[in-house]
Amino acid sequence: MRIVFGNWKYLFKNFWYVLACGLAPAVFIALSFDYTAISEFVHGFFKGTPRTDFLDMLRAFAPIRIDSALGGVYTACAYILSSVFAALLLTMIEKHMRIGKRTPSGMGEGMKNLLLPSFLIILLFYALGEIASIILAALMFAIFSIPSTALVYILTALVFFVVAFMFLYAFEAFYLWLPCMQITGFRPYHAFLYSYRLSIGVRWKLIAAHALSVSLAIVLLGGTAFLYEIIFRVVALILSLFLYAGMFIRMETVYFETDKLDREDVIKSYKDI
């Protein structure tokens with residue numbers, strides 16, 4: 001259970017400094033959700049008229065907002081800030097877990113070493129999400145041409161779960177890559193090989209943890225799509241804040257767990273020095 005829920009324990013014990021790192025990216029992640037497309041899709045789906053255009057579905061599912069120039073700016077800001085604050089957050093968490101203290105000394109050097117890998121890994125995550133969204137929208141658009149509405153619902157649910165599983169499986173394969181580069185200092189290729197070997201033993205637990213997060217996001221965003229946009233944005237902000245911070249905390253907690261590294265924030269042996 002530490003693999004699935006250990007990150008939330010750390011988050012709530014270190015609530016303020018962790019969420020402070022996630023606030024700026026969470027604002028733009030929340031703004032990058034296309035409320036109009038999501039609302040139209042959800043309304044149609046639950047009113048018995050699930051048939052939607054391909055581009056409208058892509059706008060509803062994709063992490064890259066394509067409805068307007070402003071939407072593109074929101075997405076670009078979300079990507080940049082997510083990458084920068086990922087480097088900061090991982091540097092802070094790694095130092096806390098390694099020596100048990102949250103002092104600012106050495107943070108600049110750690111961030112500098114992690115900044116470029118963070119931009120590349122976050123870009124990879126965006127690419128995986130966009131590819132999964134295109135596949136999902138294309139398959140659902142094809143399914144919507146079937147005359148039987150009941151069959152449309154059945155096939156839509158099946159396709160959604162299959163594509164979601166494929167995305168989470170691919171996401172998990174790269175999940176420990178960033179903390180592995182950070183902690184071991186390996187070159188990217190060797191860090192990927194080592195992190196992938198570590199993740200194999202906890203693959204299904206990681207997928208379950210990611211699936212819980214994705215399911216929570218779908219339920220909350222889908223539910224608030226029936227309400228006013230301001231309520232949707234507030235819920236999206238809170239959700240983005242916790243899931244963003246939780247994702248990078250899980251990277252570190254799972255890496256320390258799988259590589260069998262002692263966590264000084266837990267054992268606190270530094271207090272004996």
Heavy atoms of Leu261 and Tyr255 approach each other most closely as CD1-CE2, 4.0 Å
Phe186 side chain reached by Trp177 side chain, heavy atoms, under 4.5 Å:
no
What about the rings of Phe33 and Tyr74, do their centers lie closer together than 6.0 Å?
no
Walk me through it: do Tyr169 and Arg203 pass the test side-chain contact (heavy atoms from CB on, under 4.5 Å)?
CA-CA 8 Å; Tyr169 193 91; Arg203 171 178 294 162; 2.9 Å; yes
Just verifying a value: how many Å separate Ile135 CD1 and Ile131 CD1, rounded to the nearest 0.5 Å?
7.0 Å
Verify the cluster assignment for Ile122 and Phe192: are they in a single hydrophobic cluster under the rule of side-chain heavy atoms below 4.5 Å apart?
yes
Between Ser133 (side chain only) and Phe61 (backbone N and O only), is there a donor and an acceptor less than 3.5 Å apart?
yes
Tell me, yes or no, whether the heavy-atom count around His43 atom NE2, taken from other residues, nucleotides or ligands under 6.0 Å, exceeds 12.
yes
Derivation and outcome, side-chain contact (heavy atoms from CB on, under 4.5 Å), residues Thr253 and Met97
CA-CA 9 Å; Thr253 56; Met97 291 183 178; 3.4 Å; yes
Answer yes if the side chains of Glu172 and Ser199 hold a donor-acceptor pair under 3.5 Å, and no otherwise.
yes
Phe12 atom CZ, over 12 foreign heavy atoms within 6.0 Å
yes
Which heavy atom of Ser240 sits nearest to which heavy atom of Ala236, and what is that distance?
OG-O, 2.7 Å
Phe141, CZ atom: more than 12 neighbouring heavy atoms under 6.0 Å:
no
Taking the side chain as C-beta and beyond, is there a heavy-atom pair between Leu178 and Leu114 under 4.5 Å?
yes
Minimal non-hydrogen separation, Leu176 against Ser195, with atom names
O-CB, 3.4 Å
Say whether Ile218 and Val159 are linked into one hydrophobic cluster, either directly or through other cluster members, by side-chain heavy-atom distances under 4.5 angstrom.
yes
Do Ile134 and Val162 sit in the same hydrophobic cluster, where Ile, Leu, Val, Met, Phe, Trp and Tyr count as joined when their side-chain heavy atoms come under 4.5 Å apart?
no
Could you measure the distance from the CE atom of Met111 to the CG atom of Leu89? Nearest 0.5 Å is fine.
10.5 Å
Side chains of Arg263 and Glu257 in contact at under 4.5 Å (non-hydrogen atoms):
no
Working to the nearest 0.5 angstrom, can you tell me the gap between Asp67 CG and Arg65 CZ?
4.0 Å
Taking Asn7 for its side chain and Gly246 for its backbone only, find out whether a donor-acceptor pair lies under 3.5 Å.
yes
Any chance the rings of Phe248 and Tyr244 have centres within less than 6.0 Å?
yes
So, do Ile183 and Glu94 sit near enough that their side-chain heavy atoms are less than 4.5 Å apart?
yes
What heavy-atom pair brings Pro25 and Phe85 nearest, and what distance separates the two atoms?
CD-CD1, 3.8 Å
Working note: Tyr194 + Met181, criterion side-chain contact (heavy atoms from CB on, under 4.5 Å); need CA distance, chi angles, decisive distance, verdict.
CA-CA 10 Å; Tyr194 185 57; Met181 282 191 282; over 6 Å; no
Kindly give the heavy-atom pair with the smallest separation between Met57 and Ala137, and that separation in Å.
CE-O, 3.4 Å
Would you give the length of the straight line joining atom CG of Leu115 to atom OG of Ser83, rounded to the nearest 0.5 angstrom?
8.0 Å
Could you check if a side-chain atom of Arg59 sits within less than 4.5 angstrom of a side-chain atom of Thr36, using non-hydrogen atoms only?
yes
dist Lys13:NZ -> Lys9:NZ (nearest 0.5 Å) comes out at 5.5 Å
Quick one: are Leu216 and Val219 in side-chain contact, heavy atoms under 4.5 Å?
no
Is a side-chain N or O of Asp34 found less than 3.5 angstrom from the main chain of Ala37, in a donor-acceptor match?
yes
Full working for ring-ring contact (aromatic ring centres under 6.0 Å, His included) between Phe28 and Tyr79
CA-CA 9 Å; Phe28 287 95; Tyr79 165 65; over 10 Å; no
Could you walk me through whether Phe174 and Tyr196 pass the ring-ring contact (aromatic ring centres under 6.0 Å, His included) check?
CA-CA 7 Å; Phe174 299 102; Tyr196 183 74; 8.4 Å; no
Would you indicate whether Phe161, at its atom CZ, is surrounded by more than 12 heavy atoms from other residues, nucleotides or ligands within a distance under 6.0 Å?
no
In the structure I gave you, are the side-chain heavy atoms of Phe160 and Met140 within less than 4.5 Å of one another anywhere?
no
Would you check, one step at a time, whether the test side-chain contact (heavy atoms from CB on, under 4.5 Å) holds for Ser82 with Met247?
CA-CA 11 Å; Ser82 293; Met247 182 178 77; over 6 Å; no
Joint hydrophobic cluster, Met166 plus Leu212, side-chain heavy atoms closer than 4.5 Å:
no
Calculate, to the nearest 0.5 Å, the distance between atoms CD1 and CZ belonging to Ile230 and Phe232 respectively.
11.5 Å
Using a 4.5 Å cut-off on heavy atoms from C-beta on, say whether the side chain of Leu19 contacts that of Phe242.
yes
If you measure only the distance, is there a donor-acceptor pair under 3.5 Å linking the side chains of Tyr10 and Asp265?
no
Going by the rule side chain to side chain donor-acceptor pair (under 3.5 Å), which residues pair with Asn14 if we only count those two or more places apart in sequence or in a different chain?
Arg102
Tell me if a side-chain donor or acceptor on Thr224 pairs with a main-chain N or O of Leu227 at a distance below 3.5 Å.
no
Say whether Ile238 and Tyr35 are linked into one hydrophobic cluster, either directly or through other cluster members, by side-chain heavy-atom distances under 4.5 angstrom.
yes
Tyr153 and Pro50 have their tightest heavy-atom pair at OH-CD, 3.9 Å
Considering residues at least two apart in sequence or located in another chain, which fulfil the ring pair (Phe, Tyr, Trp, His ring centres under 6.0 Å) criterion with His210?
Phe171, Tyr175
